[in-house]
Colleague: 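Can you read through this structure? Questions will come right after.
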There are 4 protein chains.
Amino acid sequence: MKAQESKRQRRKAERPAELLEAALEVFAEKGFAAARMDEIAARAGVSKGTAYLYFESKEDLFRALVQDRMLLIFTPLEQAFETYEGSSRELLEMLLARFCIRVLGTKLAALPRLVIAEVGHFPELAEFYRRNVIDRGLGFLSRIIARGQARGEFRPGNPDHFARLFVAPVLLSAIWRACFDRFDDEPFDFAAFIETHRKILLSGLAPEPERGKQ
Amino acid sequence: MKAQESKRQRRKAERPAELLEAALEVFAEKGFAAARMDEIAARAGVSKGTAYLYFESKEDLFRALVQDRMLLIFTPLEQAFETYEGSSRELLEMLLARFCIRVLGTKLAALPRLVIAEVGHFPELAEFYRRNVIDRGLGFLSRIIARGQARGEFRPGNPDHFARLFVAPVLLSAIWRACFDRFDDEPFDFAAFIETHRKILLSGLAPEPERGKQ
Amino acid sequence: MKAQESKRQRRKAERPAELLEAALEVFAEKGFAAARMDEIAARAGVSKGTAYLYFESKEDLFRALVQDRMLLIFTPLEQAFETYEGSSRELLEMLLARFCIRVLGTKLAALPRLVIAEVGHFPELAEFYRRNVIDRGLGFLSRIIARGQARGEFRPGNPDHFARLFVAPVLLSAIWRACFDRFDDEPFDFAAFIETHRKILLSGLAPEPERGKQ
Amino acid sequence: MKAQESKRQRRKAERPAELLEAALEVFAEKGFAAARMDEIAARAGVSKGTAYLYFESKEDLFRALVQDRMLLIFTPLEQAFETYEGSSRELLEMLLARFCIRVLGTKLAALPRLVIAEVGHFPELAEFYRRNVIDRGLGFLSRIIARGQARGEFRPGNPDHFARLFVAPVLLSAIWRACFDRFDDEPFDFAAFIETHRKILLSGLAPEPERGKQ
DNA sequence: AATGAATGAGGCTTCATTCAT
DNA sequence: CATGAATGAAGCCTCATTCAT
């Protein structure tokens, strides 16, 4: 009987994560409004009613999903590079590599599109995303770039703009994966594209005397 | 009697455009599923039933909107530069300027987000967009870049990748405008950002001996 | 100008009949609820608005149609045989022949089905039909049969029942034509069927000593 | 717990039949187009949404109703007389009696009118009815009549025509009940009418030497 | 804790009817 | 007289949410 109970307990503990996982799938495929609770519950292997035991509403489920996954991405990134002491250029290169692995290669690539799509429907969520993800991420990158400028690694200019230039091709890739990859026989080669991005951007960011060394 | 008739006729002739304009507004604010025909019709100054005199369904209205606006953007661009004979670098600079004026400064900036948001619900629309907008646009840019490479203006590399790097910050800007600008007191300065983009990208694209002249 | 006016007048005078004709067609094909005023008007060669100049509503049009056509059938029949003096058997035979020509061979064959279909929707119309068409027709037939019984031409029995037996196969034929004929390559041979009906019924109605002489 | 579950299960098992019963009532009263799902559901004691758990659409409900009821009528009839060995005349008499009890006396009498009324709106349904009900029924009767002719019980003639003559007064009765009975204080005496029909038809069908023995 | 049958508000769409021209 | 653009009430259907079991 204990075994059964603990099995139940384990099930109970896993339910929210299983539902979030299923929700990510379905939201990614259908968008918020078109996603049906029936299908999310079914993919999580439970009945519709059960989903409501863990999340108050479809909106609640959506919010929980976004917050959960976004923290999942940022926290380790920030922590890992908090104490970094090498060159800023290499820091950016490592971040780019990380991004490709942690986001573009997974279902998470669907999240930006999802948030973008539902801004109108979830202003509070958009604000949360703006504050906790974008501002946080761009701020993080800006500090790295400012550090590089101070060290003479990068040309002068608005660090926030540079940060956005750094992010833009990654965003484009995520959107491409989520939206348009399906129409090609072989998927777009993100790694090669991001590698090109790395070369061009770092070349463009280099201070005048050092340009051309990529 | 002619004046009377023509007044009616004029209304009739203007209805579709008025409805498309209203649809762009509402779709941009709410997304497809959450947009209500009632509201679209109301903003166009007509009743719900009238909208159905001009468009068979909400889907039809959506399709017409995307097609109409996309043709509006691309056709003049392609025609204007068909016979261009100056430097490729200047061509890209002019395109960038055009983009900012014709897209970022208008409600059209909402369209990319709109399409991105509704891919799941309208696979056919996504494919239409992929073929007629993205492939067309990227192909256009790729040809310009290849031309520049042949003339020794740009460094070697995959023109399609370069084209995407060219577009990415513009896309990010459009999304920013549509999604996150609302949370700031003063709007993001797209012109300055795109100007930074221009400098960095063209610097990064330059062949080795010429780098550093932006 | 007179010519034009009189032409107009002629048009005006013909409009109601043209609309009734079109209405018969469309109602016959679609039933009442599914018939659209648009289509009726179009088949009459006028616009929807014009139809409302002549009939207050779709219901009104329907009522006018039924009354008009029913009177068209019965009045000449009753008048023609008011002064008849021959045998009752021959009278029935002539009626049968008339029915086939005036009803089964024309679009009028659709009317019974039409009325039957819309009883629930138009109780008053059903009552009108009951009193003015059915009771009138069955009464007419009953009087003929009673006359025949008095003359020793027919066996005794409830004349109303005999009248209904007389009508039933005609009704069945009209319904068949309106509903099921479309599924056969060659149409059902009503003439032969009604001829069989004539033989069997008159044989069955004959008084005992005379049976078997058909 | 079993008792509880079985109670629910029993409800669920009974729902379709309850809905079909309610649908028969409402369709019979209003016709297809004018019947509202709200009312059908209400008469079945459930909400509109619940009806859609069991039937995909109003059309589906209508189809299910017709199929269900028609099978209910025909199957036992055919089976009961599969192994019959008595006289064909008695067989027809028994069929007539059955018809009156199983159809004319019940709500089923509304079905023929229903189908007739909706042919235009449901061509596929009409074809289904034509093949599975009419052809089946007339074929059944034709075989009986041909058997009687082979045994010398009936006069020669097209068995299909005879079958239709057999059915016509029954159809008339069903239509009468569904449409016009409501306007009389006391209902039409179907039993007497069908009894008259029996006498007259069998008398008319008899071969010459035997006529007059009804 | 889990289920899934039931609900009913909400939105798209149709079409009889009106009325300005 | 005639038109046809415009209306808006009405009805089918969906699906998030509830609750008895």
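Just so we're on the same page: letters track the sequence lines, and every chain starts at 1. Since the model is a prediction, treat every value here as computed from it, not as a measurement.
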Colleague: Round to the nearest Å and state the distance from C:Glu39 atom CD to E:dC15 atom C1'.
Modeller: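 Nearest whole value for this atom pair: 13 Å.
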
Colleague: To the nearest Å, how far apart are D:Arg15 CZ and E:dG4 P?
Modeller: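 Taking atom P of E:dG4 as the reference, CZ of D:Arg15 is at 17 Å.
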
Colleague: Tell me whether the side-chain N/O atoms of C:Tyr54 come closer than 4.0 Å to OP1 or OP2 in F:dA2.
Modeller: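 Checking C:Tyr54 against F:dA2: at least one side-chain N or O falls below 4.0 Å of OP1 or OP2.
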
Colleague: Under the criterion salt bridge (charged side-chain N to carboxylate O under 4.0 Å, His left out), I'd like the reasoning laid out for C:Glu39 against C:Lys30: C-alpha separation, chi angles, the key distance, then a yes or no.
Modeller: CA-CA 11 Å; C:Glu39 189 168 357; C:Lys30 310 284 175 74; 3.0 Å; yes

Colleague: Angle between ring planes, D:Phe32 versus D:Phe27, binned at 30° and 60°: parallel, tilted or perpendicular?
Modeller: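 D:Phe32 vs D:Phe27 ring planes: parallel.
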
Colleague: Hey, does the side chain of B:Lys58 reach the backbone of B:Ala35 with a donor-acceptor pair shorter than 3.5 angstrom?
Modeller: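 Answer holds: yes.
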
Colleague: So does A:Glu56 pair up with A:Arg63, basic N to acidic O under 4.0 Å?
Modeller: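 No, no charged N to carboxylate O under 4.0 Å.
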
Colleague: What integer distance in Å separates B:Asp38:CG from E:dC12:P?
Modeller: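 Nearest whole value for this atom pair: 7 Å.
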
Colleague: Could you provide the dot-bracket string of DNA chain E, using ( ) for intrastrand pairs, [ ] for crossing pairs and | for bases paired to another strand, with Watson-Crick or G-U pairs below 3.5 Å?
Modeller: .||||||||||||||||||||

Colleague: Please report the interatomic distance CG(A:Leu114) to CG(A:Leu108), rounded to the nearest 0.5 Å.
Modeller: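 Result: 11.0 Å between the selected atoms.
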
Colleague: Nearest 0.5 Å please: distance from the CD1 atom of C:Ile116 over to the CG atom of C:Leu111.
Modeller: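 Here the rounded value is 10.5 Å.
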
Colleague: So which of residues 21-37 of chain B are in contact with DNA chain E, with a heavy-atom cut-off of under 4.0 Å?
Modeller: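 DNA chain E contact set from residues 21-37 of chain B: B:Ala35, B:Arg36, B:Met37.
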
Colleague: Is any NZ, NE, NH1 or NH2 atom of the basic residue among A:Glu21 and A:Arg43 found under 4.0 Å from an Asp or Glu carboxylate oxygen of the other?
Modeller: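 No, this pair does not count.
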
Colleague: Does any part of the side chain of A:Tyr54, heavy atoms only, come nearer than 4.5 Å to the side chain of A:Glu18, both counted from C-beta?
Modeller: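 Result no, sub-4.5 Å side-chain heavy-atom pair not found.
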
Colleague: Among residues 42-51 of chain D, which residues get a heavy atom nearer than 4.0 Å to DNA chain F?
Modeller: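 Listed by number, they are D:Lys48.
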
Colleague: Please report the distance, rounded to the nearest Å, between CD in D:Glu56 and C1' in F:dC15.
Modeller: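 Spelled out: CD on D:Glu56 to C1' on F:dC15 is 15 Å.
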
Colleague: Could you tell me if the side chain of D:Met70 sits less than 4.5 Å from the side chain of D:Phe128, heavy atoms only?
Modeller: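 No, their side chains stay 4.5 Å or more apart.
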
Colleague: Considering heavy-atom distances to DNA chain F, does A:Tyr52 or D:Lys58 have its closest nucleotide positioned more toward the 5' end?
Modeller: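 That would be D:Lys58.
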
Colleague: Quickly work out the C:Leu53 CG to F:dT3 P distance and round it to whole Å.
Modeller: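 Going from C:Leu53 (CG) to F:dT3 (P), I get 9 Å.
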
Colleague: Nearest whole angstrom, please: distance from the C1' of F:dT17 to the CZ of A:Phe62.
Modeller: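 After rounding, the reported distance stands at 19 Å.
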
Colleague: If I take atom CD in residue B:Glu14 and atom C1' in nucleotide F:dA5, what distance separates them, rounded to the nearest angstrom?
Modeller: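 Result: 14 Å.
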
Colleague: Counting C-beta onward and ignoring hydrogens, is there a side-chain heavy-atom pair between C:Leu20 and C:Leu61 closer than 4.5 Å?
Modeller: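 SC-SC contact between C:Leu20 and C:Leu61 confirmed.
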
Colleague: Rounded to whole Å, please give me the gap between CZ in A:Phe55 and C1' in F:dA16.
Modeller: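 Computing the A:Phe55:CZ to F:dA16:C1' distance gives 16 Å.
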
Colleague: Would you say the side chain of B:Tyr129 lies within less than 4.5 Å of the side chain of B:Pro112, judging by non-hydrogen atoms?
Modeller: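 Yes - at least one pair of side-chain heavy atoms lies under 4.5 Å apart.
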
